[in-house]
Amino acid sequence: MGTLEEQCSLLEKPLLQNGDSELYTGDGSVDANGKRVAKKNTGNWKACCFIIGAECLDSFALSGISCNLVTFFTKELHQGSVAAATTVSIWQGTTSLTPLLGAIIADAYLGKYRTIAAFAIINFIGLCALTLSVSIPALGPEVCQGSLCPSSTTASQSAFFICGLYLVSLGSGGIKPCIGPFGGDQFDDTDPKEKGKKGSFFNWLYFSISIGSFIASTFLAWIQNNVGWGLGFGIPALSMGSVIACFIFGTPFYRFQKSRGSPITRMCQVLVASCRKWNLEVPNDSMDLYETQENNSSMDGGCKKLEHTNRLKFLDKAAVMYTSEISTSGSSFNPWRLCSVNQVEELKTLIHLLPILATGIAFSVCIAQISTMMLEQGMMMDSTIGSLTIPPAALATCNTAVVLLVVPLYDKVLVPIVRRFTHNEKGFTELQRIGIGLFVSILSMSAAAVVEMYRLCLARELGLADKKVVVPLSILWQVPQYVLVGISQVFTCIGQIEFFYEESPRTMRSLCSALMLLTLSLGFYLSSFILTMVTYFSTKGGKVGWIPDNLNEGHLDYFFCLLAALSFLNFVVYIAFAMKFKHKRFAY
């Protein structure tokens with residue numbers, strides 16, 4: 001049979017003849033018809049240009065809807081400040097939750113390509129519904145008659161808009177977790193030249209997402225506020241139609257990977273098998289546990305298996321083998337009764353990552369404020385600069401612009417400087433990078449609180465506290481808080497992407513990407529919950545509350561202080577878990 005290294009070498013290299021390795025991919029990829037693909041005609045950048053273009057347009061469409069949504073709910077659907085922020089937070093949370101569904105469907109049923117195409121069509125239908133709801137009077141919200149505005153919560157017309165909005169959320173859930181991994185599939189890991197280009201692809205993909213978001217939060221926000229919502233929602237619908245056309249047009253150039261099955265199933269098998277054997281004792285020697293030479297596609301890092309650990313010993317019971325579990329053929333096992341050590345360690349590794357993953361929830365609460373309370377704060381400030389009027393939603397571009405500027409500066413300037421002191425090739429470790437971002441998020445909420453304190457003080461001095469009017473304080477005072485949020489994202493978000501890619505098992509990398517988006521979802525839901533609780537307790541006894549419809553008579557600064565305190569507590573918890581974290585190791 002040869003040594004283990006020789007077996008791994010055979011697994012990593014398919015049977016190629018007559019110099020086929022120069023002509024065909026060696027990673028088992030096929031074309032749309034299931035046939036072997038030639039390197040020259042498929043994959044690489046010739047395929048990725050379609051993927052990157054589609055993702056840029058998709059980011060433009062989604063950001064064009066979300067960046068100014070609070071304004072639409074308050075001005076067009078006549079909702080109050082808290083109700084609008086809560087509605088948008090719930091929708092954003094759902095939009096970050098649906099990728100988990102999309103990842104499962106792609107891994108277990110449709111594959112990445114068909115999932116992206118199918119859900120892009122759903123997204124397009126949702127955007128068309130939004131456009132129709134604001135273009136056709138019978139489908140849209142009722143118009144205010146003087147100072148009397150109908151309640152949007154009881155208007156049947158708003159139901160059509162809400163349905164379209166959640167179709168967009170569902171459609172986005174099938175695109176976001178699949179587009180990156182599908183782009184990665186276009187590079188052959190067995191070819192050193194192509195493998196080296198994969199990292200560059202992810203850089204450009206992230207850049208394209210930021211570009212799409214930047215244009216949407218400037219160009220589209222202006223159109224929605226100054227031209228009309230029909231065109232403001234119609235352009236994203238047209239953009240999503242272009243996504244479908246661009247993505248499908250590149251089909252002849254794509255490389256496809258065969259589905260490896262759902263990691264959810266593998267985890268469930270370990271849980272079920274360990275529960276069935278709850279009364280068994282785990283052998284002291286890990287060599288007595290069941291192990292198998294699984295195929296290359298199911299292992300982490302090619303043939304590398306995860307080293308057996310002593311944590312969560314209960315799960316090891318899934319790998320304890322009964323003699324009766326061997327089938328008559330002597331080589332087949334019921335996967336719901338017996339799992340390999342490597343499969344058990346995959347689940348252990350994921351559980352070990354959860355505390356670090358969970359700290360992203362409170363961080364996401366800060367991100368949620370960009371399109372909710374920070375936007376509402378800007379709506380009560382002077383948005384004119386000379387003869388130019390800046391839509392409050394356009395300040396979100398500061399956040400995106402910072403990301404576009406800081407990413408290359410971090411890579412080309414900061415990393416070489418830090419490397420001299422840390423002697424780490426990456427400058428900061430992934431955990432250090434995440435921690436720095438979490439600390440900056442504390443500063444961002446503190447900056448927002450200081451600006452609001454000054455705005456409220458000015459409102460009282462001018463006698464505007466009881467009037468729902470704009471306070472003559474330039475909206476540019478909000479720039480520092482948006483900049484700080486952007487810096488925190490560069491450190492924490494990209495640090496999380498690197499960390500979970502390196503530390504998660506290979507079979508669970510797509511799932512971990514979806515779980516990262518899940519923390520964003522939970523952050524938006526937590527933001528909504530905090531808003532609800534703050535409103536409930538601060539309005540007791542007939543009080544105005546922290547966040548009334550007229551922010552001039554409230555205390556939005558208290559809310560930002562509360563988020564700063566929450567961010568500080570989250571930072572302390574993160575430091576505690578990061579210091580105790582043990583990186584994964586391989587058996588060989």
Side-chain angles (χ1 to χ4, degrees), residues 62-89 91-92 213-229 231-233 236 366-403 444-445 447-456 458-459 464 467-486 524 527 531 547-554 556-557 559-560 563:
L62 184 62
S63 298
I65 297 299
S66 62
C67 71
N68 210 21
L69 200 55
V70 166
T71 304
F72 180 83
F73 274 106
T74 53
K75 292 188 176 180
E76 302 297 323
L77 295 185
H78 323 305
Q79 288 191 356
S81 299
V82 173
T86 301
T87 303
V88 173
S89 292
W91 176 76
Q92 289 175 324
S213 177
F214 181 83
I215 297 174
S217 56
T218 52
F219 172 67
L220 270 183
W222 185 88
I223 287 180
Q224 290 166 352
N225 282 282
N226 296 278
V227 179
W229 293 97
L231 184 61
F233 287 152
C366 297
I367 297 177
Q369 306 316 308
I370 294 175
S371 55
T372 53
M373 300 318 301
M374 286 168 65
L375 175 59
E376 294 201 27
Q377 181 188 41
M379 291 168 63
M380 299 299 291
M381 300 174 71
D382 185 7
S383 60
T384 59
I385 301 177
S387 59
L388 181 66
T389 300
I390 302 176
L395 274 192
T397 58
C398 295
N399 174 72
T400 308
V402 167
V403 172
S444 67
M445 292 298 100
V450 170
V451 170
E452 184 62 13
M453 288 178 189
Y454 182 53
R455 194 191 70 81
L456 290 175
L458 186 59
L464 303 176
K467 301 176 183 178
K468 190 176 181 180
V469 295
V470 171
V471 175
L473 178 66
S474 175
I475 198 172
L476 294 181
W477 281 93
Q478 283 193 304
V479 170
Q481 63 202 54
Y482 279 102
V483 169
L484 288 170
V485 173
F524 283 117
S527 176
L531 278 170
I547 315 174
D549 290 342
N550 177 16
L551 292 181
N552 290 340
E553 58 181 357
L556 183 58
D557 53 335
F559 177 74
F560 285 131
L563 295 189

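Everything numeric here is computed off the predicted structure, so don't read it as measured data.
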Participant: Is Glu553 reaching over with its side chain to a backbone N or O of Pro548, donor-acceptor style, under 3.5 angstrom?
Facilitator: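 Flag not set: sc Glu553 to bb Pro548 has no pair under 3.5 Å.
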Participant: Checking Ala447 now: which residues fulfil side chain to side chain contact (heavy atoms under 4.5 Å, CB included) with it, not counting sequence neighbours?
Facilitator: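 Residues passing side chain to side chain contact (heavy atoms under 4.5 Å, CB included) with Ala447: Gln481, Leu484.
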Participant: Is there side-chain contact between Leu556 and Met380, with heavy atoms separated by less than 4.5 Å?
Facilitator: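 The answer is no; the side chains never approach within 4.5 Å.
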Participant: Less than 4.5 Å apart, any side-chain heavy atom of Gln224 and any of Thr71?
Facilitator: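 Counting from C-beta outward, Gln224 and Thr71 never come under 4.5 Å.
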Participant: OG/Ser383 to CG/Leu473 distance, rounded to the nearest 0.5 angstrom?
Facilitator: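 If I round to the nearest 0.5 Å, the distance is 12.0 Å.
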Participant: Taking ring-ring contact (aromatic ring centres under 6.0 Å, His included) as the test, write out the residues that go with Tyr454, two or more places apart.
Facilitator: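 For Tyr454 the ring-ring contact (aromatic ring centres under 6.0 Å, His included) partners, ignoring immediate neighbours, are Trp477.
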Participant: Say you draw a straight line from CG of Asp382 to CG of Leu458; how long is it, rounded to the nearest 0.5 Å?
Facilitator: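 That separation rounds to 10.5 Å.
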Participant: Can you give me the closest heavy-atom contact between Leu220 and Gly232, atom names plus distance?
Facilitator: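 Here Leu220 and Gly232 meet closest at CD2-O, 3.7 Å.
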Participant: Between Ser66 and Trp91, what is the shortest heavy-atom contact and its length?
Facilitator: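 Looking at all heavy atoms of both residues, the closest pair is CB-CZ3, 3.6 Å.
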Participant: Return the minimal non-hydrogen interatomic distance between Val470 and Met379, and the atom names on each side.
Facilitator: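 Val470 and Met379 have their closest heavy atoms at CG2-O, 3.8 Å.
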Participant: Are Phe524 and Val88 packed together at the side-chain level, in the sense that at least one heavy-atom pair is separated by less than 4.5 angstrom?
Facilitator: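 Heavy-atom side-chain distance check fails, nothing below 4.5 Å.
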Participant: Distance check, rounded to the nearest 0.5 Å: Thr87 atom OG1 versus Leu531 atom CG?
Facilitator: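 One gets 10.5 Å once the value is rounded to the nearest 0.5 Å.
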Participant: So which atom in Asn550 and which in Lys468 form the shortest heavy-atom distance, rounded to 0.1 Å?
Facilitator: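 Taking every non-hydrogen atom into account, OD1-CA, 3.3 Å.
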Participant: Looking at side-chain heavy atoms only, is the closest gap between Leu464 and Pro472 below 4.5 Å?
Facilitator: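 Contact flag for Leu464/Pro472 side chains = yes.
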Participant: Which atoms form the tightest heavy-atom contact between Met373 and Gln369, and what is the distance?
Facilitator: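 In this case the closest contact between Met373 and Gln369 is CG-OE1, 3.3 Å.
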Participant: List for me each residue that meets ring-ring contact (aromatic ring centres under 6.0 Å, His included) alongside Trp229, sequence neighbours excluded, and say none if there are none.
Facilitator: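 With neighbours one apart ignored, the set is Phe72, Phe233.
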Participant: What's the spacing between Thr372 OG1 and Leu69 CG if we round to 0.5 Å?
Facilitator: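 Here the interatomic distance stands at 11.0 Å.
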Participant: Please examine the side chains of Glu452 and Met374, heavy atoms only from C-beta on, and report whether any two atoms are closer than 4.5 Å.
Facilitator: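 Contact flag for Met374/Glu452 side chains = no.
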Participant: Taking side chain as C-beta onward, heavy atoms only, is Cys366 less than 4.5 Å from Val485?
Facilitator: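 No, side chains not in contact.
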Participant: Which atom pair, heavy atoms only, marks the closest approach of Leu551 to Leu456?
Facilitator: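 Shortest heavy-atom separation between Leu551 and Leu456 comes out as O-CD2, 3.4 Å.
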Participant: Taking C-beta and beyond as the side chain, do Gln377 and Phe560 meet within less than 4.5 Å on heavy atoms?
Facilitator: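 They are in contact (side-chain heavy atoms under 4.5 Å apart), so the answer is yes.
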